[in-house]
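Below: the structure, in structure tokens.
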Amino acid sequence: MANVKVAIRVRPPTAREGADGGKLAVQVEDKSVRIQNGKLDGRADGAVDSREKLLEFGFDYCYWSVDPADPHYASQEEVFQDLGVLVLSGASEGYNVCLFAYGQTGSGKTYTMMGTPDSIGLTPRICQGLFRSEDTFPDGQNSSRVEISFLEIYNERVRDLLRGGEQKKKASLRVREHPEKGPYVQDLSQHVVSDCKQAMDLLEEGIANRITAATHNHDASSRSHAIFTIQYTQAILENDRPSETVSKINLVDLAGSERADPHYCRDRLTEGSNINKSLVTLGIVISALAQNSQMSSSCQSINSMASEADGSTVGSHSSSLSGGGGGGAGAGGGRRHCFIPYRDSVLTWLLKDSLGGNSKTIMVATVSPSAHSYNETLSTLRYAAHARNIVNKPRVNEDANVRLIRELREEIDRLKSMLLSFEMQRNPSPSLSDERDGNLSDMVLQNELKVQQLTKDWSESWGDKTELLEKYSVDINRERAGFLINSLAPHLVTLDRDVLSTGVVFYHLREGVTHMGPQNQCEEPQIVLQGGASCEIENRGGVVTLRPLPGGCCLLNDTEITEPCRLAQGMVITLGGVHRFRFNHPAEAAVLRERRLASEVGMNCTYIDLCPLDP
Ligand SMILES: Nc1ncnc2c1ncn2[C@@H]1O[C@H](COP(=O)(O)OP(=O)(O)OP(=O)(O)O)[C@@H](O)[C@H]1O
């Protein structure tokens, strides 16, 4: 169990706020924020309750970023040292982590999450930190994989910010729910990156796409939510003990929160007008979760009070909210938990795990210091105080095979200690003891063999996966009912005629020459075939040529060839009448797709129709 951690950051006043005399409404001291309602200053004493005038809230972190000359000024680096390091340490332990920025428009969310070129924010610093931590394992015992996706939710539609070309035009992606992994965005592009530069390039590309959208549509920047997701998989083999964890890091820059007030939006909601449903639902979800957590903790307090018959004082888990109106905190044990309407908006559905689920979550609420923004700032502080009451249930996301190996090892240890204790108190009947010890020893041996095999399989599959992903920039997306393998390199896919064959084989055609054929016919074939003919396939800078070798029949699209022939996207190669392969050239296919769109030729067009081959 872990409470959502909440940070408040106060930005510098804008020129306009400063021009009006620069009256400030917010003060920060240690972990508390005080907000003063300046409008009540002039009223006669006694007419105003002092609590209304000055409200105080406690948080996990408070950052005063108002004036760089102030000794208490919190820079981007200081914010990273707390929040960014929290994200990185959670991810390195194998937890899902979510960091989201919430606040009114112009309060500094994007500055905190993304920053500026001169003063980078949390997201790029977290990317840097992720790859820096890689360098701390130079011995090769540790390897990891980083995959990035970046999406935007605008008017309840999900857009992939990293999809170039024709896909960019695709209006919106569907959100679906995986039975075990929870909600996900179907067809969202995942990008494997191997260094910090690649990650930063993707971040910039996504931000640029978001900004472009804003230019076409005035409200886009303040109404869209951006979610930058890093999937961080770590594999370590230490003393023959494998460990593999997958952690999802969600870094969220939300839209301006002035539209998040349910009362402000209710009319418009019913009118069906264009308001930000996600933020309204986020507010409702946060309130409901906070209320549930408070009810649970008050139930626990009641239970523990009842069980402590001696009547000693029980320290109840109290909200930090002193002026914020916790609402429902005093609920008795008889009240039901609130329903959490995650599915009412795309944002809350996608962040379901981050809010009350399997994630360590941090909220950074950004506010203006100015007295002009008193209402918005107070509303943000109240939201933030509610969010601090949410209790999540993070757990380490361990690979299922690795978990099995660990559990088998624990079983082996248990059996061994049983054996040892039997040996120490040997039974007077030696034959019975021997039989029992023999059974136990067998079980230990069998489990040890299983562990050995599983560890070997795991090491090989991790090595293969890493090599494949790194060398060929392959994306493997696990869909609910299938796998989609996207490769950028030219490759062959087997089209097996044998009805008993079940696997799908995928051969990459590396730069240079690849020999294919039976072992005895051609020298050291990289692609070994059982019988059939032999050939060579040469890939020179993306131009791929098939060269049949004497002694067998080689067909290209069912026509026999005896001379070298350039391969084109979609061609089918048949060797010796037995082995069939489809040739794919992803780069060529991308060009052809563009041409097909432009020429409006149907799906049946071939490479030759669209782009006659050079001889
Ligand atoms: N801590 C800070 N230090 C210096 N400048 C800041 C800080 N926070 C925000 N700013 C500046 O304030 C302006 C508004 O900030 P920003 O764009 O981050 O707001 P926002 O909350 O993301 O707004 P929106 O909801 O419209 O996207 C920007 O010019 C930004 O550079």
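Hydrogens, waters and symmetry mates are skipped; everything else that's a heavy atom, side chains included, is used. Counting convention: from 1, in listed order, for ligands and their atoms alike. Nothing here was measured: the structure is a model prediction, and the numbers come from that model.
- Listed by number with element, the atoms of ligand 1 under 4.0 Å from a non-hydrogen atom of P12 are 1 (N), 2 (C), 3 (N), 4 (C), 5 (N), 6 (C), 7 (C).
- Numbered from 1 in the order shown, with element, the atoms of ligand 1 that lie under 4.0 Å from a heavy atom of S65 read 1 (N).
- Of the N or O atoms in Y111, one or more lie within a sub-3.5 Å distance of an N or O in ligand 1.
- Note: no N/O pair closer than 3.5 Å links V10 and ligand 1 by distance alone.
- Between T366 and R9, the side chains place no donor N or O within less than 3.5 Å of an acceptor N or O (distance only, hydrogens not considered).
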Please list every donor-acceptor pair under 3.5 Å in which a side-chain atom of residues 340-348 meets a protein atom from a residue at least two apart or in another chain.
unit_1: Y342; atom_1: OH; unit_2: L355; atom_2: O; d: 2.6
unit_1: R343; atom_1: NH1; unit_2: E177; atom_2: OE1; d: 3.4
unit_1: S345; atom_1: OG; unit_2: T348; atom_2: N; d: 3.2
unit_1: S345; atom_1: OG; unit_2: T348; atom_2: OG1; d: 2.6
unit_1: T348; atom_1: OG1; unit_2: Y342; atom_2: O; d: 2.7
unit_1: T348; atom_1: OG1; unit_2: S345; atom_2: O; d: 3.2

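- Numbered from 1 in the order shown, with element, the atoms of ligand 1 that lie under 4.0 Å from a heavy atom of G108 read 8 (N), 9 (C), 15 (O), 16 (P), 18 (O), 19 (O), 20 (P), 21 (O).
- For the 3.5 Å distance criterion, the side chains of D253 and T110 qualify, holding a donor opposite an acceptor.
- At a 3.5 angstrom cut-off on N or O pairs, S107 counts as close to ligand 1.
- Interatomic distance, L251 CG to L99 CG, rounded to the nearest 0.5 Å: 6.0 Å.
- In this structure, R388 pairs ionically with D60, as a charged nitrogen and a carboxylate oxygen lie closer than 4.0 Å.
- Here the rule is side chain to side chain contact (heavy atoms under 4.5 Å, CB included) with T123, and of L203, T112, V87 only L203 fits it.
- Under the 4.0 Å criterion applied to side-chain N and carboxylate O atoms, E77 and R125 are assigned as salt-bridge partners.
- In this structure, Q104 counts as a contact residue of ligand 1, since one of its heavy atoms falls inside 4.0 Å of the ligand.
- Remark: distances from the non-hydrogen atoms of R9 to ligand 1 include one below 4.0 Å.
- In terms of N/O distances under 3.5 Å, ligand 1 is approached by K109.
- Here's the thing with T110: one of its N/O atoms is less than 3.5 angstrom from an N/O atom of ligand 1.
- Contact annotation for A101 and ligand 1: no heavy atom of the residue comes within less than 4.0 Å of the ligand.
- Among the atoms of G106, some N or O lies under 3.5 angstrom from an N or O of ligand 1.
- A salt bridge is absent between R145 and E244: the closest approach of a Lys/Arg side-chain nitrogen to an acidic carboxylate oxygen does not fall below 4.0 angstrom.
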